[in-house]
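Inspection log for the structure reproduced underneath, given as structure tokens.
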Amino acid sequence: MGRASRGGRPDDSWPARLGRGRRRAGPCHEAGQSEPGQPGTLRRHVTRLSGYFLPTEREPPADAEALSHKLMVRAGLIRQVGSGLWSWLPAGWRVHQRIVEIVREEMNAIGGQEMLMPVLHPAEPWRRSGRYGIDELFKLKDRRGADMVLAMTHEEIVTGHVAAAVRSYRDLPLILYHFQVKERDEPRPRAGVLRTREFVMKDSYTFDRDADSLDVAYQKHVIAYDRMLDRCGLEWYRVESDVGMMGGLGAHEYMAPCAAGENEVAIAPGYAANVEVATADAQPVQLPHRLDAPEPVPTPGMTTIEAVATALSVPAGALLKAFPVIVDGDRMSLVMLRGDHRVNEVKLRSALRADFRPAHPDEVAERLGPPGFIGPVGAEMPILLDRAVMPGPYVTGANAPDEHLRGVEPGRDFAYETVDVRSVVAGDTVAGGTIRIEPAIEVGNIFKLGTRYSEPLAARYLDESGREQLIWMGCYGFGPARAAAAAVEQYADEQGISWPRVIAPFDVELVGLGRPGSDERALAERLYAELRETGLEILYDDRDAGPGEKFADAELLGCPLRLTVGRRTIGAGEIEVQVRRGRESRTLPLQGTAEAVAELWRTLP
RNA sequence: CGGGGCGUGGCGCAGCCUGGCAGCGCGCCUGCUUUGGGAGCAGGAGGUCCCGGGUUCAAAUCCCGGCGCCCCGACCA
């Protein structure tokens with residue numbers, strides 16, 4: 001890699017920049033024309049808007065809903081090719097590549113070794129790992145009829161390489177990663193680049209001797225991910241997440257809160273978890289007085305919590321909701337939770353340590369009673385009681401038509417096992433702190449795989465005593481496109497995008513007003529040359545267009561600084577600089593403008 | 001996979017119900033004017049009306065079939 005000098009960089013804390021000595025695969029083109037830099041210095045971009053492919057639109061596409069979708073299309077960053085399939089136009093790709101470069105640096109910093117694996121795979125390793133049946137996996141045949149797949153991740157392949165090459169504990173640990181396109185036949189692509197069928201992902205894989213060593217690799221990724229998210233300028237949370245169908249030993253997701261997010265995150269001081277797995281203390285509920293024994297009450301036609309609670313003048317939380325499930329296809333269990341709570345199927349699945357489905361109405365009728373009136377008293381099946389149900393008298397179904405029971409007390413009136421299977425809600429508490437729930441987009445995840453892949457793919461090594469051992473693995477994903485979209489969502493305003501400065505397509509947009517050939521334009525040209533000397537990346541709006549159009553386009557694209565060269569200020573020996581975030585303007589003296597701009601840029605968020 | 005909606009010039013849309021010259025705004029091209037918040041005047045280019053079939057003297061419009069795209073839900077190693 002031609003690691004060019006970074007002399008003259010305005011920010012040495014950010015060593016690598018787009019467009020410099022990149023030699024990786026992928027369609028990363030230099031933007032605009034290039035001018036030869038001085039020997040040993042950066043190759044600088046000469047990017048004049050008059051010749052740059054940045055098709056902005058005044059109106060968002062009619063079918064766009066999410067803010068990032070609308071703005072990224074309007075700003076000329078992305079264009080749609082098909083459902084969940086997007087092209088990145090030059091300015092958009094610059095953003096993407098800046099994020100990629102940050103991720104690459106942080107991966108290298110923890111000892112990651114970059115490589116590249118193909119997108120097209122033979123089906124065989126996927127059959128071996130047991131993932132060939134996944135619906136989201138694109139499957140195809142080659143001309144000879146051999147089954148092929150388009151990779152959604154690369155566990156099978158990378159594990160195969162390691163299995164073939166690693167013999168000894170001395171070959172471990174390893175951190176291998178690549179940036180590669182992933183293909184997923186998503187049931188429903190949505191929201192621009194937020195959920196697509198094809199996207200670039202950084203995925204890394206760690207290979208270790210044992211669980212403790214895997215912990216170390218995992219912890220390295222926590223550090224790297226924390227840093228890359230910070231550097232990208234995103235607001236983010238690292239949250240506990242579900243280990244999913246793959247099983248696994250632990251997992252976290254990196255979530256960027258934003259309105260278009262598809263996930264819900266429960267956040268309290270010192271706590272953050274995906275709502276799918278979040279645990280919290282429920283808000284208390286006022287229970288009625290106790291009874292010596294359950295007492296039937298007529299509830300004709302009242303099959304909902306609301307109807308029964310209203311009729312009996314008790315809060316919904318004073319009822320117990322019964323959720324009958326069929327576990328592993330045959331056994332029925334009854335899950336009981338407070339009437340004002342909802343079953344969390346992800347948590348229930350892990351509590352059961354088995355797959356389940358809700359029981360059908362006829363199964364309910366046969367084993368318990370009429371649906372809408374079922375309860376735990378007299379039920380001959382395992383009863384799982386959510387831990388938010390405090391001791392006391394509750395109203396439950398009576399397993400008889402049009403009848404409920406009141407004064408039902410867990411333990412006295414039915415036996416149970418305690419589980420934690422409810423979805424937390426805003427207002428619950430964790431260690432005294434109140435939970436709020438925010439939508440968020442998952443930009444990265446880290447996952448302890450254990451031996452999930454090393455076993456079927458026979459990735460083993462010999463330990464010090466010559467015994468064969470399975471390799472312990474972890475996998476770690478990061479989506480630059482989602483990070484970019486999340487940044488758009490988090491910082492956009494009425495005028496458009498407002499990039500964090502390190503991932504902006506350009507550092508500065510220079511707007512030359514006046515007619516081509518005017519004094520302003522001559523000054524703008526001179527300033528353009530000076531600015532480039534500072535190492536900043538400049539987009540120069542040299543179009544023959546009105547000021548309104550130029551300002552609007554600049555604010556839509558969202559570069560952190562906008563310089564305006566116009567008659568109004570040059571008479572006073574000044575030029576105007578606008579900070580995009582907040583849109584506040586100030587003037588800088590014409591003398592030493594470029595250095596002052598670089599100085600200002602360094603202070604931006 | 002269930003529900004809803006849409007497909008007409010580059011973008012946003014009207015026209016469809018009630019069949020009869022394919023329109024509007026923005027953008028684009030040329031000229032002149034204009035140059036600190038999407039400017040004005042004049043002239044101009046650009047459309048297999050998603051595709052196929054049917055009905056009809058005549059289909060963007062009615063009928064049948066298909067394809068594509070969006071939204072909600074389900075789903076999302």
Side-chain angles (χ1 to χ4, degrees), chain A residues 55-66 69-70 73-74 76 79-86 126 129-138 149 151-156 182-192 194-197 199 201 203 205 241-248 251 253 260 262-263 274 276 345-346 357-358 441-442 445 447 449 452-453 473 475-477 494-496 511-521 524 541-556 562-571 574-576 578 583 585 587:
Chain A
T56 56
E57 294 290 343
R58 199 183 290 229
E59 297 189 62
D63 54 21
E65 209 71 18
H69 181 185
K70 292 178 182 171
V73 172
R74 283 190 56 209
R79 283 294 185 270
Q80 185 166 21
V81 174
S83 181
L85 301 170
W86 291 83
W126 290 77
S129 69
R131 292 211 295 173
Y132 189 66
I134 292 172
D135 286 338
E136 283 72 30
L137 185 65
F138 275 107
V149 307
M152 47 199 301
T153 57
H154 284 76
E155 279 85 356
E156 283 81 359
K182 307 295 162 184
E183 306 283 347
R184 296 182 187 183
D185 195 359
E186 287 287 346
R188 187 153 99 78
R190 57 177 291 274
L194 236 34
R195 183 165 211 88
T196 56
R197 293 196 290 177
F199 58 97
M201 180 166 112
D203 43 327
Y205 303 93
S241 73
D242 182 31
V243 293
M245 298 287 286
M246 292 198 336
E253 290 164 334
E262 314 182 282
N263 297 92
N274 194 317
E276 285 180 349
E345 299 201 2
V346 173
R357 62 171 171 80
I441 183 73
E442 178 188 352
N445 61 64
F447 196 105
L449 287 166
R452 162 70 180 82
Y453 290 92
M473 291 176 55
C475 67
Y476 316 84
E494 291 296 305
Q495 281 67 36
V511 174
L513 298 180
R515 317 180 61 159
S518 62
D519 290 348
E520 304 89 292
R521 289 301 185 96
D541 191 348
D542 62 335
R543 295 174 301 173
D544 186 13
E549 191 175 349
K550 293 185 174 188
F551 293 146
D553 273 352
E555 284 166 8
L556 178 59
R562 186 189 79 201
L563 262 58
T564 308
V565 182
R567 218 181 300 171
R568 187 192 283 178
T569 57
I570 60 175
E574 294 173 329
I575 72 150
E576 181 192 298
Q578 184 211 52
R583 297 178 70 233
S585 293
T587 56

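Note on naming: letters A, B, ... go to the chains in the order of the sequence lines (proteins, then strands), and numbering restarts at 1 for each one. Quick note: numbers below take in every heavy atom, side chains included, and nothing from hydrogens, waters or symmetry partners.
Remark: Pro187(A) engages Glu136(A) in a side-chain contact (heavy atoms from CB on, under 4.5 Å) (not counting sequence neighbours). The side-chain contact (heavy atoms from CB on, under 4.5 Å) test applied to Asn445(A) returns Glu253(A), Glu442(A), not counting sequence neighbours. Take Arg583(A) and apply the salt bridge (charged side-chain N to carboxylate O under 4.0 Å, His left out) test, not counting sequence neighbours, and it matches Glu555(A). A search for salt bridge (charged side-chain N to carboxylate O under 4.0 Å, His left out) contacts involving Glu186(A) returns Arg195(A), not counting sequence neighbours. When the side-chain contact (heavy atoms from CB on, under 4.5 Å) test is applied to Asp185(A), the partners found at least two apart in sequence or on another chain are Phe138(A), Arg197(A). For Arg567(A), the salt bridge (charged side-chain N to carboxylate O under 4.0 Å, His left out) partners are Glu520(A), not counting sequence neighbours. For Ala552(A), there are no side-chain contact (heavy atoms from CB on, under 4.5 Å) partners at least two apart in sequence or on another chain. Remark: His154(A) pairs with His121(A), His178(A) by the ring pair (Phe, Tyr, Trp, His ring centres under 6.0 Å) rule, at least two apart or across chains. For Glu156(A), the salt bridge (charged side-chain N to carboxylate O under 4.0 Å, His left out) partners at least two apart in sequence or on another chain are Arg131(A).
Contact between the side-chain N/O atoms of Ser83(A) and the OP1/OP2 oxygens of rC70(B) is found at a separation under 4.0 Å. Contact annotation: Arg190(A) does not reach the phosphate of rC70(B) (side-chain N/O to OP1 or OP2, under 4.0 Å).
Here rC75(B) presents its P atom at 13 Å from CZ of Arg188(A), a figure rounded to the nearest Å. Atom pair Glu262(A):CD and rA74(B):P shows a separation of 12 Å (rounding to whole Å applied). Rounded to whole angstrom, the span from the CD1 atom of Ile134(A) across to the P atom of rC75(B) amounts to 16 Å. When rounded to the nearest whole Å, the span between CZ of Arg543(A) and C1' of rG37(B) equals 13 Å. With rounding to whole Å, Gln495(A) atom CD is found 13 Å from rG38(B) atom P. For His69(A) and rC70(B), the NE2 to P distance is 8 Å, given to the nearest whole Å. Counting to the nearest Å, the P atom of rA74(B) and the CD atom of Glu276(A) are 11 Å from each other. Atom CD in Gln578(A) sits roughly 11 Å away from atom C1' in rG37(B) (whole-Å rounding).
Contact between Gly84(A) and Pro189(A) at its shortest, heavy atoms only, is CA-CB, 3.5 Å. Across all their heavy atoms, Asp542(A) and Arg521(A) have their closest contact at O-NH1, 3.2 Å.
In Asp519(A), the CG atom is not crowded: 12 or fewer heavy atoms of neighbouring residues, nucleotides or ligands sit closer than 6.0 Å.
Counting any heavy atom pair closer than 4.0 Å across all strands shown, Ala251(A) reaches no nucleic acid atom. The residue Glu156(A) sits apart from the nucleic acid: no heavy atom pair falls under 4.0 Å.
Look at the P atom in both rC32(B) and rC49(B): the space between them is 38 Å, to the nearest Å. Taking atom P in both rA60(B) and rC17(B), the straight-line distance is 12 Å, to the nearest Å. Taking atom P in both rC11(B) and rG27(B), the straight-line distance is 15 Å, to the nearest Å. Atom name C1', nucleotides rU48(B) and rG44(B): the rounded distance is 24 Å, in whole Å. Distance check on atom C1': rC16(B) versus rU34(B) gives 43 Å, rounded to whole Å. Spacing of C1' atoms, rC51(B) relative to rA45(B), comes out at 27 Å, to the nearest Å. rG46(B) and rC28(B) are spaced 9 Å apart, taking the C1' atom of each and rounding to whole Å. Here, rC26(B) and rG40(B) have their C1' atoms 16 Å apart, quoted to the whole Å.
Where Met152(A) and Glu65(A) meet RNA chain B, the nucleotide closest to each residue was compared, and Glu65(A) sits on the side nearer the 5' end. When each of Gly192(A) and Arg184(A) is assigned the nucleotide of RNA chain B bearing its nearest heavy atom, the one mapping closer to the 5' terminus is Gly192(A).
The partner of rU48(B), taking Watson-Crick or G-U wobble pairs whose two distances both stay under 3.5 Å, does not exist in any strand shown. Figure legend. rG25(B) is base-paired to rC11(B); pairs are counted as Watson-Crick or G-U wobble with both atom distances under 3.5 Å. Across all strands shown, rC6(B) forms a Watson-Crick or G-U wobble pair, both distances under 3.5 Å, with rG68(B). Pair assignment for rU56(B): none, as no Watson-Crick or G-U wobble contacts are both less than 3.5 Å. Searching all strands for a Watson-Crick or G-U wobble partner of rA42(B) with both distances below 3.5 Å returns rU30(B). Applying the Watson-Crick and G-U wobble criteria (two distances, each under 3.5 Å), rG73(B) pairs with rC1(B). Nucleotide rC17(B): unpaired (no Watson-Crick or G-U wobble partner with both distances less than 3.5 Å).
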Give me, pair by pair, the N or O atoms of the protein and of nucleotides 10-13 of chain B that are less than 3.5 Å apart, along with how far apart they are.
unit_1	atom_1	unit_2	atom_2	d
rG12(B)	OP1	Ala62(A)	N	3.0
rG12(B)	O2'	Glu59(A)	OE1	3.0

Please enumerate all protein N or O atoms sitting under 3.5 Å from an N or O of nucleotides 34-36 of chain B, with distances to 0.1 Å.
unit_1	atom_1	unit_2	atom_2	d
rU35(B)	O2'	Gly514(A)	N	3.3
rU35(B)	O2	Ala545(A)	O	3.3
rU35(B)	O4	Asp544(A)	OD1	3.1
rG36(B)	O2'	Arg568(A)	NE	3.4
rG36(B)	O2'	Arg568(A)	NH2	2.1
rG36(B)	O6	Gly566(A)	N	3.4
rG36(B)	O6	Thr569(A)	OG1	3.2
rG36(B)	N1	Glu576(A)	OE1	3.1
rG36(B)	N2	Glu576(A)	OE1	2.1
rG36(B)	N2	Glu576(A)	OE2	3.2

Identify each atom pair where a protein N or O and an N or O of nucleotides 40-47 of chain B are less than 3.5 Å apart, giving names and distance.
none

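Residue Gln80(A) places no side-chain atom within donor-acceptor reach of the base of rG68(B), judged by atom type and a 3.5 Å distance cut-off alone.
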Going through the checks in order, is the side chain to side chain donor-acceptor pair (under 3.5 Å) test met by Asp553(A) and Thr56(A)? CA-CA 7 Å; Asp553(A) 273 352; Thr56(A) 56; 3.3 Å; yes
Please assess Arg190(A) against Glu65(A) for the test salt bridge (Lys or Arg N to Asp or Glu O under 4.0 Å), listing each intermediate value before the final yes or no. CA-CA 9 Å; Arg190(A) 57 177 291 274; Glu65(A) 209 71 18; over 6 Å; no
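Comparing rG38(B), rG37(B), rC69(B) by their closest approach to the side chain of Arg197(A) singles out rC69(B).
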